[in-house]
Amino acid sequence: MKAKLTTVKYIFLMSSLLFLFIVLQSIVVVYTPHTFVRIMNMIAIIVASGIVGAFNREMFILKRNSNNLAFIKHRVERKLLECKKIS
């Protein structure tokens, strides 16, 4: 069985979807009159922002260490698996 490799297109798509989710949840937080909905959406925003921030930090670290291709693949795949487990 052939292992699936993560492509740049997939990474960009998932990052864009998370960013869109954060923006939409922020709009809900600003305009909802219900406290419970506001609190739940704030929690979702914090978690999603943490995921995006950690992923971007890892990408900058990997860019600096781009000499070792196997190291890059391993770190990116591990971070994507962590993101899938959280969501």
Side-chain angles (χ1 to χ4, degrees):
M1 186 175 235
K2 190 175 181 181
K4 293 183 180 181
L5 296 176
T6 306
T7 62
V8 175
K9 183 179 177 181
Y10 178 77
I11 292 172
F12 182 74
L13 178 67
M14 290 299 123
S15 296
S16 299
L17 288 176
L18 274 172
F19 177 75
L20 182 64
F21 173 75
I22 292 169
V23 170
L24 292 175
Q25 293 302 322
S26 299
I27 292 170
V28 170
V29 166
V30 170
Y31 291 109
T32 187
H34 307 291
T35 305
F36 178 75
V37 175
R38 186 174 290 169
I39 291 171
M40 293 306 290
N41 283 319
M42 284 296 287
I43 292 170
I45 290 169
I46 291 168
V47 170
S49 297
I51 292 170
V52 171
F55 185 75
N56 288 337
R57 180 181 52 104
E58 287 293 321
M59 293 308 281
F60 284 117
I61 290 171
L62 292 174
K63 187 176 179 182
R64 213 176 330 142
N65 298 327
S66 63
N67 296 337
N68 188 352
L69 186 59
F71 175 74
I72 293 171
K73 285 182 181 179
H74 173 71
R75 294 285 295 238
V76 169
E77 289 174 357
R78 191 177 80 198
K79 278 297 174 184
L80 287 174
L81 286 175
E82 289 176 8
C83 291
K84 287 180 183 178
K85 288 180 185 177
I86 292 174
S87 58

Pairs under 3.5 angstrom only: tabulate donor-acceptor contacts from the side chains of residues 41-49 to other protein residues two or more places apart or in another chain.
{"unit_1": "Asn41", "atom_1": "ND2", "unit_2": "Val37", "atom_2": "O", "d": "3.1"}
{"unit_1": "Ser49", "atom_1": "OG", "unit_2": "Ile45", "atom_2": "O", "d": "2.8"}

Extract all donor-acceptor atom pairs below 3.5 Å that involve side chains of residues 22-36 and protein atoms in other chains or at least two apart in sequence.
{"unit_1": "Ser26", "atom_1": "OG", "unit_2": "Ile22", "atom_2": "O", "d": "2.8"}
{"unit_1": "Thr32", "atom_1": "OG1", "unit_2": "His34", "atom_2": "N", "d": "3.4"}

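Atom CE of Met14 has more than 12 heavy atoms from other residues, nucleotides or ligands within 6.0 Å.
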